[in-house]
Amino acid sequence: MANLVEAGLHEGISEVIATTQSRAGVPNAAPVGIHAESGKYCVELYRGSKTLSNVNTTRKMAANVTEDAVLFVRSLFGNLASSDFSRFLGFPVLSGADSWILFRCRLIAERADYLLFLLTPFAVAVRNKKISAINRGLNAVIEAAILASRYDLQDGARDKTRIKMQIHDYARIVDRCGGRSEKEAMQILLQHLV
Ligand SMILES: Cc1cc2nc3c(=O)[nH]c(=O)nc-3n(C[C@H](O)[C@H](O)[C@H](O)COP(=O)(O)O)c2cc1C
C-alpha cells in the first residue's frame with residue numbers, strides 16, 4: 001500500500017473531501033480535516049452531519065485529496081451530482097480527486113459536539129502526482145468555507161454579520177491571488193450567504 005504522505009496526507013490537519021455512503025449505498029461528500037500525528041490518523045465528526053451518520057452505520061470513509069476549490073465548496077453545500085462520484089473497490093470516491101484513501105473508522109471518544117474516530121487505511125490510490133506552489137487564494141477559499149459552514153449554525157444577526165465580514169476579507173485575497181477555480185468557488189460561497 002502506498003504511504004499516506006505520498007497520497008497527500010501530512011502531519012497536522014489535512015483538509016480533504018470525505019466520501020461516505022448510507023446503508024442503502026447512497027453516496028455523500030463533505031469537507032473534513034484528517035488529523036495526523038506520529039503515524040496515527042483521526043477525524044472529528046460533528047454531530048448532525050450526514051457524514052457522521054454514514055460513518056456510524058458503515059464504519060468506513062474515503063479521504064479524497066484535491067486542490068479543486070470548486071469541488072470543496074460544492075461538496076460543502078451538498079451540491080455534487082452523481083457524475084462527480086466514481087467507485088474504488090466498490091466504495092464511493094470523487095472522480096476528480098488526486099488520491100483516494102479508504103479508511104476503516106473506529107469510535108474512540110464521544111464529546112459534546114463531535115465523535116472522534118481512529119482511522120486505519122486499508123486501500124490507497126494515487127492518481128495524480130503533482131507539485132503545487134502555495135496559493136493564498138486557495139487557502140483563503142478553505143478558510144472562508146470553514147466560516148461558511150458555521151454561518152448557518154449562528155442564531156444571532158451580530159454573529160452572522162461578523163462571519164460575513166471575515167468571509168469578505170478572504171474574498172479580497174481570492175480576488176488578488178486566486179485563479180479561475182478559486183474565484184468561482186468564492187462566488188458560490190458568497191451566493192450562499194444571503
Ligand atoms: C475545510 C473544511 C473542513 C471541515 N472539517 C470538518 C471536520 O473535520 N469535521 C466535521 O464534522 N465537519 C467539518 N467541516 C464541516 C462540514 O463539511 C459541514 O458541516 C458539512 O456541511 C457536513 O455535510 P454532511 O451533512 O453532508 O456530512 C469542514 C468544513 C470545511 C469547509
Side-chain angles (χ1 to χ4, degrees), residues 1-23 25 27-69 71-76 80 84-147 149-150:
M1 195 162 64
N3 94 38
L4 298 198
V5 173
E6 209 175 290
L9 295 188
H10 299 279
E11 197 164 274
I13 302 180
S14 298
E15 306 301 340
V16 303
I17 302 178
T19 46
T20 54
Q21 64 183 348
S22 67
R23 198 188 303 276
N28 185 68
V32 302
I34 306 284
H35 300 233
E37 199 188 327
S38 312
K40 280 198 174 160
Y41 297 89
C42 296
V43 67
E44 296 172 354
L45 294 179
Y46 282 81
R47 293 182 188 274
S49 73
K50 222 181 266 177
T51 302
L52 174 59
S53 153
N54 287 348
V55 166
N56 264 336
T57 308
T58 64
R59 300 283 153 166
K60 282 186 194 159
M61 184 187 99
N64 296 259
V65 175
T66 178
E67 291 186 319
D68 184 332
L71 205 53
F72 259 98
V73 169
R74 285 173 56 228
S75 71
L76 174 64
L80 295 192
D84 289 307
F85 292 91
S86 53
R87 297 248 162 201
F88 173 45
L89 303 177
F91 200 79
V93 290
L94 297 179
S95 320
D98 296 324
S99 72
W100 302 317
I101 302 110
L102 299 191
F103 287 109
R104 272 182 234 294
C105 313
R106 185 159 65 84
L107 179 65
I108 53 170
E110 292 196 35
R111 305 277 184 255
D113 297 343
Y114 65 85
L115 271 59
L116 179 65
F117 292 87
L118 182 68
L119 304 174
T120 308
F122 65 93
V124 182
V126 179
R127 307 176 61 245
N128 183 12
K129 280 192 186 180
K130 59 181 181 190
I131 301 172
S132 299
I134 291 169
N135 180 277
R136 291 177 60 206
L138 176 59
N139 292 351
V141 169
I142 298 300
E143 293 302 328
I146 290 173
L147 288 168
S149 74
R150 294 176 189 152

Is any side-chain heavy atom of [X] less than 4.5 Å from a side-chain heavy atom of [Y]?
X: Val16; Y: Val65; answer: yes
X: Lys130; Y: Glu67; answer: yes
X: Leu94; Y: Thr66; answer: no

Salt bridge (Lys or Arg N to Asp or Glu O under 4.0 Å) for Arg47 and Glu110? Distances and angles first, verdict last.
CA-CA 10 Å; Arg47 293 182 188 274; Glu110 292 196 35; 3.7 Å; yes
Rounded distance (nearest 0.5 Å) linking atom [atom1] of [X] with atom [atom2] of [Y]:
X: Leu119; Y: Ile101; atom1: CG; atom2: CD1; value: 10.0 Å
X: Asn64; Y: Leu102; atom1: CG; atom2: CG; value: 9.0 Å
X: Leu52; Y: Thr57; atom1: CG; atom2: OG1; value: 9.0 Å
X: Glu6; Y: Lys129; atom1: CD; atom2: NZ; value: 4.5 Å
X: Leu80; Y: Ile17; atom1: CG; atom2: CD1; value: 7.0 Å
X: Phe103; Y: Leu4; atom1: CZ; atom2: CG; value: 5.5 Å

If I compare all heavy atoms of [X] with all of [Y], which pair ends up nearest, and what's the gap?
X: Gly33; Y: Val43; answer: O-CG2, 3.5 Å
X: Phe72; Y: Glu15; answer: CZ-O, 3.5 Å
X: Ala97; Y: Arg127; answer: O-NH1, 2.7 Å
X: Asn54; Y: Thr20; answer: ND2-OG1, 3.0 Å
X: Phe85; Y: Thr19; answer: CE2-CG2, 3.8 Å
X: Glu11; Y: Ser38; answer: OE1-N, 4.1 Å

Within a radius of less than 6.0 Å around [atom1] of [X], do more than 12 heavy atoms belonging to other residues, nucleotides or ligands occur?
X: Arg136; atom1: CZ; value: no
X: Ile134; atom1: CD1; value: no
X: Arg59; atom1: CZ; value: yes

So Cys42 and Leu116, side chain to side chain contact (heavy atoms under 4.5 Å, CB included) or not? Walk me through it.
CA-CA 7 Å; Cys42 296; Leu116 179 65; 4.0 Å; yes
Contacts satisfying ring pair (Phe, Tyr, Trp, His ring centres under 6.0 Å) that involve residues 28-65 (not counting sequence neighbours) are Tyr46-Tyr114
Main-chain N/O of Leu9 paired with Ser14 side-chain donor or acceptor, under 3.5 Å:
no
Could you check whether any side-chain N or O of Asn28 sits under 3.5 Å from a backbone N or O of Lys50, counting only pairs where one atom can act as donor and the other as acceptor?
no
Chi angles and distances behind the side chain to side chain contact (heavy atoms under 4.5 Å, CB included) call for Val5, His10
CA-CA 5 Å; Val5 173; His10 299 279; 3.9 Å; yes
